[in-house]
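A quick note: this is a predicted structure, and the numbers were derived from the prediction, not measured.
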Amino acid sequence: MTRSDLDTLKDRLTDRDYELLRKVEKFRLLSTKHIQRLLFDPVHPTPAASARACIRTLSRLRDTLVLKALERRIGGVRAGSAGFVWYVGPAGERILQSLDPSVVSGRRNYREPSRHFVEHTLAISELAVRTIEAGRQGDLEVLEVQAEPASWQQSLSRFGTALTLKPDLRLVTASDDYEHHWFIEVDMASEHMPVIMRQCAAYEAFRATGRYQATHGVFPGVLWVVPGSARAGAIRAAVATTASLDPALFRVCTTEEYLEVVAGLPSESS
């Protein structure tokens, strides 16, 4: 694509196209339904009209390589366009770089990601979309939603080496005069418990640096979002029996309970 071609394409994109491109870049992978809920449902009178407009827009952006879709679809081939999972295409990447030179290409040798990566990334995106929808509906005052890598936190170990903590999401909400900060970890029940506990220990180590508190005046709660109650109970028990962890720092909830927890509502399994 020449510079002239890029400029022509940029001129043809609508404001919503740019917003859509930035959303896909922010969350790395979004399903067709995620995109519909984020950008089309709020401005269309019916779900059917919203779905048609969303699919038309995505098809147009795919034709110009602003976006691309994974080969694997949600629900298989029979799901049609609604089953596509979207990521930034080569033209979209060029556009983003032209708007912000700090955007670094990571797709020159793009390969179809693993099923686990896709499922985990889409689970993170689903929580982010639910959060944004709750804010739009007035159920939650949402100040910030950050996905990886924007959610990552930098610090130094006691030996002076650089450390990076990698929450799946960083969330800031507000109620009355207070801000509530969260680090969200999406668990697919696929990791062994020692791996989960090492990640909990990493949060304790990061809290001990005081770096986040120095900037924000508070340290986030760490919320593990899990598929079901059995997994939630297992993580709670492991945290409670690990002497180096402060149980007050960690919360565990199921996917269905997520919004109740971040909104500060009582949860049966809290």
Side-chain angles (χ1 to χ4, degrees), residues 18-31 34-35 38 66-68 70 85-132 135 142-157 161-173 179 181-188 190-191 195-196 198-207 209-216 218-225 258 262:
Y18 279 105
E19 186 178 3
L20 196 163
L21 176 59
R22 290 188 177 98
K23 284 286 193 294
V24 176
E25 170 69 13
K26 177 176 182 177
F27 295 113
R28 299 197 287 185
L29 295 176
L30 287 175
S31 69
H34 286 150
I35 293 169
L38 283 171
V66 171
L67 297 179
K68 293 190 73 175
L70 298 180
V85 176
W86 301 90
Y87 64 97
V88 175
E93 189 170 271
R94 289 279 304 277
I95 290 168
L96 290 169
Q97 289 174 326
S98 72
L99 297 173
D100 181 0
S102 67
V103 174
V104 178
S105 171
R107 303 174 180 83
R108 295 188 186 280
N109 297 309
Y110 182 83
R111 296 180 181 178
E112 190 85 1
S114 69
R115 178 182 293 274
H116 175 77
F117 177 85
V118 173
E119 290 177 350
H120 185 247
T121 303
L122 289 178
I124 296 166
S125 296
E126 173 63 21
L127 294 188
V129 172
R130 286 191 196 181
T131 304
I132 293 167
V142 181
L143 302 182
E144 198 164 5
V145 180
Q146 289 183 319
E148 296 185 273
S151 63
W152 294 357
Q153 307 294 313
Q154 307 298 327
S155 64
L156 295 176
S157 73
T161 56
L163 296 175
T164 303
L165 183 71
K166 299 181 178 181
D168 292 328
L169 288 172
R170 173 179 169 268
L171 173 65
V172 183
T173 65
E179 288 188 1
H181 292 237
W182 295 95
F183 288 140
I184 310 295
E185 289 284 342
V186 177
D187 171 64
M188 307 295 289
S190 58
E191 297 285 1
V195 176
I196 302 295
R198 284 198 293 273
Q199 183 68 354
C200 289
Y203 280 106
E204 289 280 18
F206 180 61
R207 180 169 65 163
T209 69
R211 186 164 184 148
Y212 193 98
Q213 300 92 309
T215 302
H216 302 282
V218 66
F219 191 78
V222 179
L223 178 61
W224 287 90
V225 184
Y258 165 74
V262 297

Trainee: About how many Å separate CZ of F219 and CZ of F206, when rounded to the nearest 0.5 Å?
Mentor: 5.5 Å
Trainee: State, yes or no, whether a side-chain contact exists between I184 and L127 at a heavy-atom distance under 4.5 Å.
Mentor: yes
Trainee: Taking all non-hydrogen atoms of both residues into account, name the closest pair between L165 and A202 and its distance.
Mentor: CD1-CB, 3.8 Å
Trainee: So which atom in W86 and which in S31 form the shortest heavy-atom distance, rounded to 0.1 Å?
Mentor: CD1-C, 4.1 Å
Trainee: Stepwise, does the side chain to side chain contact (heavy atoms under 4.5 Å, CB included) test hold for L30 with V85?
Mentor: CA-CA 6 Å; L30 287 175; V85 176; over 6 Å; no
Trainee: Measure across V88 and E93 and return the closest heavy-atom pair with its distance rounded to 0.1 Å.
Mentor: CG1-N, 3.4 Å
Trainee: List the atom of V142, the atom of G135, and the distance in Å for their closest heavy-atom pair.
Mentor: CG2-CA, 3.9 Å
Trainee: Aromatic contact between Y212 and F183, with the criterion being ring centroids under 6.0 Å apart: yes or no?
Mentor: yes
Trainee: So which heavy atom on S151 is nearest to which on L169, and how close?
Mentor: CB-C, 4.1 Å
Trainee: Between L96 and D100, is the side chain to side chain contact (heavy atoms under 4.5 Å, CB included) condition met? List the steps.
Mentor: CA-CA 6 Å; L96 290 169; D100 181 0; over 6 Å; no
Trainee: Can you tell me how far apart NZ (K26) and CG (L38) are? Round to the nearest 0.5 Å.
Mentor: 9.5 Å
Trainee: List the residues meeting salt bridge (Lys or Arg N to Asp or Glu O under 4.0 Å) with R170, not counting sequence neighbours, and say none if there are none.
Mentor: E144
Trainee: What's the spacing between L156 CG and R211 CZ if we round to 0.5 Å?
Mentor: 6.0 Å
Trainee: Considering residues at least two apart in sequence or located in another chain, which fulfil the side chain to side chain donor-acceptor pair (under 3.5 Å) criterion with S125?
Mentor: none
Trainee: Are any side-chain N or O atoms of T209 and backbone N or O atoms of S155, one a donor and one an acceptor, separated by less than 3.5 Å?
Mentor: no
Trainee: If you round to the nearest 0.5 Å, how far is CZ of F117 from CG of L70?
Mentor: 9.5 Å
Trainee: Any side-chain donor paired with an acceptor under 3.5 Å for E25 and Y87?
Mentor: no
Trainee: Applying side chain to side chain contact (heavy atoms under 4.5 Å, CB included) to L99 and R22, what does each step give before you reach the verdict?
Mentor: CA-CA 11 Å; L99 297 173; R22 290 188 177 98; 3.6 Å; yes
Trainee: Is it the case that the side chain of H120 and the backbone of V186 share a donor-acceptor pair, with hydrogens and angles ignored and the cut-off at 3.5 Å?
Mentor: yes
Trainee: For residues E185 and C200, determine if any side-chain heavy atom of one lies less than 4.5 Å from a side-chain heavy atom of the other.
Mentor: no
Trainee: Before accepting this row, confirm whether a basic side-chain N of the pair R207/E204 lies closer than 4.0 Å to the acidic partner's carboxylate O.
Mentor: yes
Trainee: Kindly give the heavy-atom pair with the smallest separation between F27 and A128, and that separation in Å.
Mentor: CE2-CB, 3.4 Å
Trainee: Within the side chain of D187, is there an N or O that forms a donor-acceptor pair under 3.5 Å with the backbone of V225?
Mentor: no
Trainee: For the residue pair R198 and V195, establish whether any side-chain heavy-atom pair is separated by less than 4.5 Å.
Mentor: yes
Trainee: So, using side chain to side chain donor-acceptor pair (under 3.5 Å) as the criterion, who are the partners of Q154 when residues are at least two apart?
Mentor: T164
Trainee: Return the CD1 to CG distance between I124 and D168, rounded to the nearest 0.5 Å.
Mentor: 3.5 Å
Trainee: When rounded to the nearest 0.5 angstrom, what distance separates OH in Y18 from CD1 in I95?
Mentor: 5.5 Å
